[in-house]
Amino acid sequence: DSGVTQTPKHLITATGQRVTLRCSPRSGDLSVYWYQQSLDQGLQFLIQYYNGEERAKGNILERFSAQQFPDLHSELNLSSLELGDSALYFCASSVGQRETQYFGPGTRLLVL
Amino acid sequence: DAKTTQPTSMDCAEGRAANLPCNHSTISGNEYVYWYRQIHSQGPQYIIHGLKNNETNEMASLIITEDRKSSTLILPHATLRDTAVYYCIVRVAGPGNTPLVFGKGTRLSVIA
């Protein structure tokens with residue numbers, strides 16, 4: 001158990017819908033990272049927040065957005081969902097921006 | 001793109017040492033070598049990391065060559081539960097954000 005929690009574990013929705021994935025970092029960690037893992041693309045970095053501020057962006061679509069709240073939990077919002085958005089979404093956290101990242105169990109999203 | 005090269009797959013007999021190689025010939029002086037593993041579709045699990053010295057923890061040992069162009073992760077007594085995809089990642093140690101860049105990893109199968 002890494003100490004990072006993600007909800008929900010599974011999510012099934014339809015194309016065109018919007019969903020929100022939630023991540024609670026380990027106690028004391030200020031950085032939260034979001035990653036997407038699909039069958040054809042592997043694990044890819046999406047976005048990072050540090051103490052409430054966006055710090056880095058990776059291959060994140062414009063239909064996706066995220067935020068980190070004052071209590072340091074983070075939410076990833078996915079809108080106008082397409083079949084290709086079906087994937088595992090992982091959150092990771094670290095104390096700062098350079099320290100070891102610890103991953104949560106992931107949210108499996110299925111878009112039908 | 002990932003800056004490491006790993007074999008696609010390896011087999012190891014249960015109880016024997018598993019030696020997973022990684023080539024990172026373009027590594028810079030301020031870059032660490034990190035190892036993570038992913039068991040089935042669970043969240044990636046941190047194993048170990050190092051800069052230039054060999055490292056050991058309760059999970060594994062990391063041997064880095066003197067020129068730092070390659071490394072080997074050693075699981076001293078592999079068990080069936082060590083069957084997973086193992087990722088070798090090079091990550092900058094300097095200030096600022098450095099997300100993890102995952103390649104395809106090595107699929108290790110531990111055989112009874």
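From a predicted model like this one, the values you see are computed outputs, not experimental measurements.
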- OH of A:Tyr102 to OH of B:Tyr36: how many Å apart, nearest 0.5 Å? 7.0 Å
- Message: Using a 6.0 Å cut-off, check whether atom CG of A:Leu39 has over 12 heavy atoms from anything other than its own residue.
- Response: no
- Please answer: with hydrophobic residues joined when any side-chain heavy atoms are less than 4.5 Å apart, are A:Val19 and A:Phe64 in the same cluster? yes
- Query: Quick one: what part of A:Leu43 sits under 4.5 Å from any heavy atom of chain B, side chain, backbone, both or neither?
  - Reply: both
- Query: Heavy-atom distance under 4.5 Å to chain B: side chain of A:Glu99, backbone, both or neither?
  - Reply: backbone
- Task: Evaluate whether atom CZ of A:Arg108 has more than 12 neighbouring non-hydrogen atoms of other residues, nucleotides or ligands under 6.0 angstrom away.
- Result: no
- Task: Could you tell me whether A:Arg26 atom CZ has more than 12 heavy atoms of other residues or ligands within 6.0 Å of it?
- Result: yes
- Looking only at heavy atoms, the pair that brings B:Leu100 and A:Phe45 closest together is O-CB, 4.3 Å
- Task: Might you confirm whether atom CZ of A:Arg63 has over 12 heavy atoms from other residues, nucleotides or ligands at distances under 6.0 Å?
- Result: yes
- Heavy-atom proximity to chain B below 4.5 Å, by part of A:Tyr35: side chain
- In the single-linkage hydrophobic clustering (I, L, V, M, F, W, Y; side-chain heavy atoms under 4.5 Å), do A:Ile47 and B:Val101 co-cluster? no
- Note on the structure: If one checks every heavy atom of A:Ser2 against chain B at 4.5 Å, the contacting part turns out to be neither
- Among the clusters formed by ILVMFWY side chains lying less than 4.5 Å apart, do A:Leu109 and A:Tyr33 turn up in the same one? no
- Query: Out of curiosity, does A:Phe90 fall in the hydrophobic cluster containing A:Leu78 (side-chain heavy atoms, cut-off under 4.5 Å, transitive links)?
  - Reply: no
- Who in residues 42-50 of chain B is close to chain A, using a strict under-4.5 Å heavy-atom cut-off? B:Gln42, B:Gly43, B:Pro44, B:Tyr46, B:His49
- If we only count heavy atoms from C-beta on, is the A:Thr100 to B:Tyr34 side-chain gap below 4.5 Å? yes
- Item | Path from A:Leu46 to A:Leu61 over hydrophobic side-chain contacts below 4.5 Å | yes
- Quick one: closest heavy-atom pair of B:Pro99 and A:Gln101, and the distance? CA-NE2, 4.0 Å
